Novice: 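Mind having a look at this structure? Questions to follow.
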Amino acid sequence: MKLSPEEKAARKAAFRAMSPAAKADHIFTYYKWPIILGLITLLIVGTALHRKLTERQPVLYTALVNVAVGSDLQAELTDGFLAASGYDANRVQVYLYADLYLSQDADTVNQQYAYASKMKVMGAIEAKKLDVVIMNREGYDLLSSNGYLMDLADLLVEKHGLAENGRLAALAAPYLTENQVVLSDNLIAYQLNEAESHVVATEAVANGLLLTELPVMQRAGITEPVYLGIIANSQRTDAAAAYMQYLLDTP
């Protein structure tokens, strides 16, 4: 009901005449829900703004596949790269997908985990949010055969010109590793009896970097073969090449 000017004036006068405690009780009684909703809105907006202002933007997306590392090596693979490259670690980050497991022969216990990891890797690649993978031989073989890894010789020299004076290419040369990439596979046609034999056409591509002998890996006690690969559709090849050089140069 709309109040007349006289009624509004009388209510204002009555409110002014109240004690501070009575005023607070009056406000809480009649306006508590708008106040509570306003505070909740303010909290939500403030939290979102704080997250936006403090969120560290990824300069590189990396993943560990079938490789477990300790906290010291994980720090060297992330914040160590930022420090060596002159980045402000308060503003940017190396995003790391850890504890991924890829296998063609996963047992019953690990099958769901392997499937979830495969979906995560494929989703990250599709979203172009995966650049560098550090992996064991099994993970390397799987990613290579499916064509997910970039030709590192192509990256270092031909397309991007990232090897200034050939230094990075020279550093990487002793560790470059070839693996098979499947060009064609008639398995489905063979299973459907549409082909007389199962034929797989492959080619060898230098798409891996053997890391095991590097000082950064030796300090961490890594003894099994561990490889680095760069995802073929990476949008951050400059940063990926700088990451390779960081690992190769770190004493």
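Residue numbers count from 1 along this sequence. Because the structure is predicted, anything quoted here is derived from the model rather than measured. The figures that follow rest on heavy atoms only: side chains count, while hydrogens, waters and symmetry mates do not.
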Novice: Atom CD in Glu126, atom CE in Met119: separation rounded to 0.5 Å?
Specialist: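 It is 11.5 Å, given to the nearest 0.5 Å.
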Novice: Quick check for you: to the nearest 0.5 Å, what is the distance between Thr62 atom OG1 and Ile231 atom CD1?
Specialist: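 Thr62 OG1 to Ile231 CD1: 11.0 Å, rounded to 0.5 Å.
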Novice: Does Met122 belong to the same Ile/Leu/Val/Met/Phe/Trp/Tyr cluster as Leu64, with side-chain heavy atoms less than 4.5 Å apart forming each link?
Specialist: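 No, Met122 and Leu64 fall in different hydrophobic clusters.
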Novice: Return yes if some donor-acceptor pair links the side-chain N/O of Ser145 with the main-chain N/O of Leu142 below 3.5 Å, else return no.
Specialist: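 Flag set: sc Ser145 to bb Leu142 pair under 3.5 Å.
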Novice: Under 4.5 Å between side-chain heavy atoms, counting indirect links through other Ile/Leu/Val/Met/Phe/Trp/Tyr residues: same cluster for Val59 and Tyr243 or not?
Specialist: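 Val59 clusters together with Tyr243.
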Novice: Who are the side-chain hydrogen bond (donor to acceptor under 3.5 Å, both in side chains) partners of Ser234, not counting sequence neighbours?
Specialist: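 side-chain hydrogen bond (donor to acceptor under 3.5 Å, both in side chains) list for Ser234, sorted by chain: Asp131.
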Novice: Return yes if some donor-acceptor pair links the side-chain N/O of Thr250 with the main-chain N/O of Leu248 below 3.5 Å, else return no.
Specialist: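 Side chain of Thr250 to backbone of Leu248: no pair is present.
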Novice: Dump the intermediate steps for side-chain contact (heavy atoms from CB on, under 4.5 Å) on Thr237 and Leu155, then the final yes or no.
Specialist: CA-CA 8 Å; Thr237 51; Leu155 169 73; 3.7 Å; yes
Novice: Could you state whether Val133 and Leu176 fall into the same hydrophobic cluster, counting links through intermediate Ile, Leu, Val, Met, Phe, Trp or Tyr residues with side-chain heavy atoms under 4.5 angstrom apart?
Specialist: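 In one cluster with Val133: Leu176, no.
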Novice: Show which side-chain atoms of residues 207-217 pair as donor or acceptor with protein atoms under 3.5 Å away, not counting sequence neighbours.
Specialist:
unit_1, atom_1, unit_2, atom_2, d
Asn207, OD1, Tyr140, OH, 2.7
Asn207, ND2, Ser144, OG, 2.9
Thr212, OG1, Glu224, O, 3.3
Thr212, OG1, Val226, N, 2.9

Novice: Mind checking what makes side chain to side chain contact (heavy atoms under 4.5 Å, CB included) contact with Ala204, not counting sequence neighbours?
Specialist: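 With sequence neighbours excluded, Ala204 shows a side chain to side chain contact (heavy atoms under 4.5 Å, CB included) to Glu178, Gln180, given in chain and number order.
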Novice: Quick check for you: to the nearest 0.5 Å, what is the distance between Leu171 atom CG and Met244 atom CE?
Specialist: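 Reported value, rounded in 0.5 Å steps: 9.5 Å.
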Novice: Can you name the nearest heavy-atom pair linking Tyr97 to Lys129, along with the distance?
Specialist: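 For Tyr97 versus Lys129, the nearest heavy atoms are OH-O, 2.9 Å.
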Novice: Test of understanding: clusters of I, L, V, M, F, W, Y form through side-chain heavy atoms closer than 4.5 Å, transitively. Do Met150 and Ile134 belong to the same one?
Specialist: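 Yes, because Met150 and Ile134 connect within a single hydrophobic cluster, where side-chain heavy atoms sit under 4.5 Å apart.
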Novice: Could you list who else is in Val205's hydrophobic cluster, with ILVMFWY side chains joined at under 4.5 Å, directly or through other members?
Specialist: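 Its cluster partners, ordered by chain and number, are Val181.
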Novice: Taking atom OG of Ser103 and atom NZ of Lys118, what is their separation to the nearest 0.5 Å?
Specialist: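 Rounded to the nearest 0.5 Å, the OG-NZ separation comes to 11.0 Å.
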Novice: With Tyr227, which residues qualify under side-chain hydrogen bond (donor to acceptor under 3.5 Å, both in side chains), at least two apart?
Specialist: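 side-chain hydrogen bond (donor to acceptor under 3.5 Å, both in side chains) list for Tyr227, sorted by chain: Arg137.
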Novice: According to side chain to side chain contact (heavy atoms under 4.5 Å, CB included), who are the partners of Ala170, at least two apart in sequence or on a separate chain?
Specialist: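 Side chain to side chain contact (heavy atoms under 4.5 Å, CB included) check on Ala170 returns nothing, list empty.
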Novice: Please collect all salt bridge (Lys or Arg N to Asp or Glu O under 4.0 Å) contacts where either partner lies in residues 143-152, sequence neighbours excluded, each pair once.
Specialist: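 Output for this query is empty, none listed.
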Novice: For Tyr148, does its backbone N or O pair with a side-chain atom of Asn146 as donor and acceptor, under 3.5 Å?
Specialist: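 Checking the backbone N and O of Tyr148 against the side chain of Asn146, no donor-acceptor pair under 3.5 Å is found.
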Novice: In this structure, are over 12 heavy atoms from other groups packed under 6.0 Å from Tyr95 atom OH?
Specialist: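 Counting neighbours around OH of Tyr95, 12 or fewer heavy atoms of other residues, nucleotides or ligands fall under 6.0 Å, so no.
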Novice: Do the side chain of Gln93 and the main chain of Gln57 share a donor and acceptor less than 3.5 angstrom apart?
Specialist: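 No; judged by distance alone, with no hydrogens or angles, the pair does not exist.
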Novice: Would you please name every residue forming a side-chain hydrogen bond (donor to acceptor under 3.5 Å, both in side chains) with Gln235, sequence neighbours left out?
Specialist: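 Counting only residues at least two positions away or on another chain, Gln235 forms no side-chain hydrogen bond (donor to acceptor under 3.5 Å, both in side chains).
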Novice: Just to verify, what does Asp249 make a side-chain hydrogen bond (donor to acceptor under 3.5 Å, both in side chains) with, not counting sequence neighbours?
Specialist: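 Asp249 satisfies side-chain hydrogen bond (donor to acceptor under 3.5 Å, both in side chains) with Arg167 only.
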Novice: For Ala239, check side chain to side chain contact (heavy atoms under 4.5 Å, CB included) against everything at least two apart and list the hits.
Specialist: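 If we apply the side chain to side chain contact (heavy atoms under 4.5 Å, CB included) test to Ala239, skipping adjacent residues, the hits are Leu60, Arg236.
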Novice: Could you walk me through whether Asn66 and Leu100 satisfy the side-chain contact (heavy atoms from CB on, under 4.5 Å) test, starting with their C-alpha distance in whole Å, then the side-chain angles of each, then the deciding distance to 0.1 Å, before giving a yes or no?
Specialist: CA-CA 6 Å; Asn66 301 355; Leu100 296 176; over 6 Å; no
Novice: Return a table of donor-acceptor pairs under 3.5 angstrom between the side chains of residues 70-81 and protein atoms on other chains or two or more places apart.
Specialist:
unit_1, atom_1, unit_2, atom_2, d
Glu76, OE1, Arg219, NH2, 2.9
Glu76, OE2, Arg219, NH2, 3.4
Thr78, OG1, Gln74, O, 2.8
Thr78, OG1, Ala75, O, 3.4

Novice: Could you pull out all residues at least two apart from Asp99 that satisfy side chain to side chain contact (heavy atoms under 4.5 Å, CB included)?
Specialist: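 With neighbours one apart ignored, the set is Tyr113.
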Novice: Are Val121 and Val69 connected in the hydrophobic side-chain network, where two residues link if heavy atoms are under 4.5 Å apart?
Specialist: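 No, because Val121 and Val69 fall into different hydrophobic clusters, even though each may have its own neighbours under 4.5 Å.
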Novice: Distance check, rounded to the nearest 0.5 Å: Met135 atom CE versus Leu228 atom CG?
Specialist: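 Atom-to-atom, Met135:CE and Leu228:CG are 6.5 Å apart.
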